[in-house]
There are 2 protein chains.
Amino acid sequence: MARTGRPRSFDDRQVIEAAKEVFWQRGYTRTSMRELKNELGVLPGSLHGAFGDKHTFFLRALERYAEDAREAATALRVDGPALSRVRQFLTEALDAARSAPGRGCMLGNTAAEVLPEDEEAGRIIRRAFGELEAALEEALINARRAGEVRADVDCGAYARLLLALLQGLHVIARVERDPRRLDDAIDAALAAITASGADARPL
Amino acid sequence: MARTGRPRSFDDRQVIEAAKEVFWQRGYTRTSMRELKNELGVLPGSLHGAFGDKHTFFLRALERYAEDAREAATALRVDGPALSRVRQFLTEALDAARSAPGRGCMLGNTAAEVLPEDEEAGRIIRRAFGELEAALEEALINARRAGEVRADVDCGAYARLLLALLQGLHVIARVERDPRRLDDAIDAALAAITASGADARPL
DNA sequence: TCTCTTCTTGGACGAGTGGTCAAGAAATGA
DNA sequence: TCATTTCTTGACCACTCGTCCAAGAAGAGA
């Protein structure tokens with residue numbers, strides 16, 4: 001069957017990308033379809049025709065965000081001093097949230113807003129968190145093997161700690177006026193497991 | 001002027017307490033006045049007469065939650081081995097959230113939901129976070145003085161880390177199926193600063 | 001050019017929202 | 001007992017929400 005009929009007047013990927021930004025900033029419940037219409041320049045009828053209802057549309061945007069996070073985590077896997085990769089990953093993740101007021105992490109925001117009712121969103125978030133945790137653990141293990149991290153550190157538990165720390169910093173960033181205090185917390189987390197003798201970051 | 005007229009048919013404190021539970025569980029936006037009416041047994045007219053509009057009512061409930069958190073933090077100030085007090089505080093705070101599905105910390109939930117738009121809520125949250133951080137820092141300093149914590153630990157930065165960790169654990173708890181993994185993260189955070197030779201908790 | 005198919009447009013719908021208000025009920029003080 | 005004051009009751013208002021749909025527009029194929 002040949003595809004025929006009037007073509008889409010917009011690019012699906014661009015629309016999802018724009019919707020991601022709006023949902024990221026305002027959350028699921030507080031974002032109305034009318035708001036999306038204005039921001040995206042697509043009328044509600046077309047939006048429903050192309051992406052289904054609000055919830056499925058939101059899941060697409062959330063999935064897109066999760067892919068971004070997954071991609072950012074690949075930076076943990078490159079060669080080089082593993083501990084500074086971890087620091088850089090955490091700092092950059094925080095900066096992404098600080099680039100606009102009140103965004104935080106869309107995964108954490110969504111978890112706080114709609115879980116545990118929304119099981120589909122839960123699956124996306126659980127998977128993304130799991131991958132981030134695994135990437136962090138792998139980096140920590142490499143760092144320990146290289147002597148950057150003390151030998152007695154439980155890398156699995158500490159990776160979970162770092163993921164939770166990142167999520168918590170996103171929350172605290174909403175009320176914290178001095179951004180440097182957040183970086184200090186990251187430094188403290190890494191300093192606490194740095195092997196004595198390894199190149200510690202100057203305070 | 002003597003107070004006269006028909007008396008309240010409900011106790012203000014009890015209503016605020018019940019409203020705190022509902023807002024804690026469901027958040028600000030997703031909780032409707034009708035839901036509160038059903039849950040609290042107070043009709044909308046009376047609710048407005050007694051507490052004003054939804055937003056001021058919510059702030060009362062949030063303030064109430066902040067007082068609870070403040071009270072819980074006083075447990076950090078009692079005498080005894082400071083580090084185990086910290087561990088107990090973090091664990092109990094997490095348990096309070098795990099006692100019901102999808103509650104988390106009302107301060108963090110609210111921060112993620114309505115900040116930075118809602119400045120009044122922001123003030124309440126900022127103050128509560130500040131007090132928790134200060135109480136944690138004080139406990140860490142005591143622990144360091146007692147030799148439980150390594151001398152090179154920056155207690156201020158690490159207190160911030162622990163507060164962020166707690167907030168992050170609340171977020172992650174919404175998707176984590178094995179609760180013990182969260183306790184492991186707390187253990188890892190404290191093990192990382194425990195002075196060698198001090199009584200470390202068995203793994 | 002004409003038909004077929006798909007997308008766009010924008011108004012409309014029912015449900016649910018926060019908030020209001022007039023009437024009735026219950027207490028006080030004289 | 002009665003006037004006064006305050007609280008309760010539940011219907012009601014204007015508004016916003018997500019969603020739907022009939023009519024028109026725009027491309028592809030014959």
Side-chain angles (χ1 to χ4, degrees), chain A residues 1-62 110 113-114 117-121, chain B residues 1-62 110 113-114 117-121:
Chain A
M1 173 176 23
R3 42 173 275 92
T4 173
R6 181 173 179 173
R8 288 269 163 77
S9 67
F10 52 86
D11 177 38
D12 288 24
R13 292 177 51 87
Q14 280 183 3
V15 169
I16 293 283
E17 185 72 24
K20 182 194 76 178
E21 295 287 332
V22 180
F23 278 125
W24 183 4
Q25 184 102 23
R26 305 249 317 135
Y28 175 64
T29 309
R30 291 160 65 91
T31 301
S32 73
M33 294 299 278
R34 282 163 180 77
E35 197 171 346
L36 289 170
K37 175 200 86 178
N38 295 334
E39 211 75 34
L40 277 51
V42 181
L43 288 173
S46 299
L47 229 46
H48 273 80
F51 305 105
D53 63 4
K54 183 189 179 185
H55 186 242
T56 22
F57 190 40
F58 173 73
L59 291 179
R60 289 281 295 272
L62 181 62
T110 305
E113 184 182 354
V114 302
E117 279 89 359
D118 189 334
E119 295 177 12
E120 292 168 294
Chain B
M1 174 177 19
R3 44 172 276 89
T4 174
R6 182 172 179 174
R8 288 266 161 79
S9 67
F10 52 86
D11 178 35
D12 288 23
R13 290 178 53 88
Q14 280 184 4
V15 169
I16 292 284
E17 186 71 25
K20 182 195 76 179
E21 295 289 331
V22 180
F23 278 126
W24 183 4
Q25 185 101 23
R26 305 249 316 135
Y28 175 64
T29 310
R30 292 160 64 93
T31 302
S32 72
M33 294 299 279
R34 280 162 182 76
E35 199 171 344
L36 290 171
K37 173 198 87 178
N38 295 335
E39 211 76 34
L40 276 51
V42 181
L43 290 172
S46 299
L47 229 47
H48 274 80
F51 306 105
D53 64 4
K54 182 188 181 187
H55 184 243
T56 33
F57 191 40
F58 172 74
L59 291 179
R60 289 281 293 272
L62 181 63
T110 305
E113 184 182 355
V114 301
E117 278 90 0
D118 190 334
E119 296 177 12
E120 292 168 292

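- From B:Arg34, atom CZ reaches atom CG of B:Leu47 across 12.0 Å, with rounding to the nearest 0.5 Å.
- At a cut-off of 3.5 angstrom, the base of D:dG18 holds at least one donor-acceptor pair with the side chain of A:Arg34.
- Rounded to a whole Å, the CE atom of B:Met33 is 20 Å from the P atom of D:dA14.
- Counting to the nearest Å, the P atom of D:dG10 and the CG atom of B:Leu47 are 15 Å from each other.
- Of the candidates D:dC7, C:dG18, D:dG18, D:dG18 carries the atom nearest the A:Lys54 side chain, counting heavy atoms from C-beta on.
- For the side-chain contact (heavy atoms from CB on, under 4.5 Å) criterion with B:Phe51, the lone passing option out of B:Thr56, B:Leu59, B:Asp12 is B:Asp12.
- To the nearest angstrom, P of C:dG24 lies 17 Å from CG of B:Leu43.
- Summarising the geometry, the separation between CG on A:Leu36 and P on D:dT19 is reported as 11 Å, rounded to the nearest angstrom.
- Within 4.0 Å (heavy atoms only), A:Thr29 reaches no atom of the nucleic acid at all.
- Nearest heavy-atom pair, B:Ala61 versus B:Ile16, reported as atom, atom and distance to 0.1 Å: CA-CG2, 4.2 Å.
- Between B:Ser46 and D:dC7 there is no side-chain polar atom (N or O) within less than 4.0 angstrom of OP1 or OP2.
- Using a 4.0 Å heavy-atom distance criterion, B:Gly45 is classed as a base contact.
- In this entry the distance linking CZ of A:Phe10 with P of C:dT9 reads 9 Å, nearest Å.
- Among the candidates A:Lys54, A:Arg26, A:Arg30, the single residue satisfying the salt bridge (charged side-chain N to carboxylate O under 4.0 Å, His left out) test with A:Glu35 is A:Arg26.
- Taking atom NE2 of A:His55 as the reference point, atom C1' of D:dG18 lies 13 Å away to the nearest angstrom.
- A:Arg30 has its CZ atom 13 Å from the P atom of D:dG18, to the nearest Å.
- The distance between atom NE2 of B:His48 and atom P of D:dC12, rounded to the nearest whole Å, is 19 Å.
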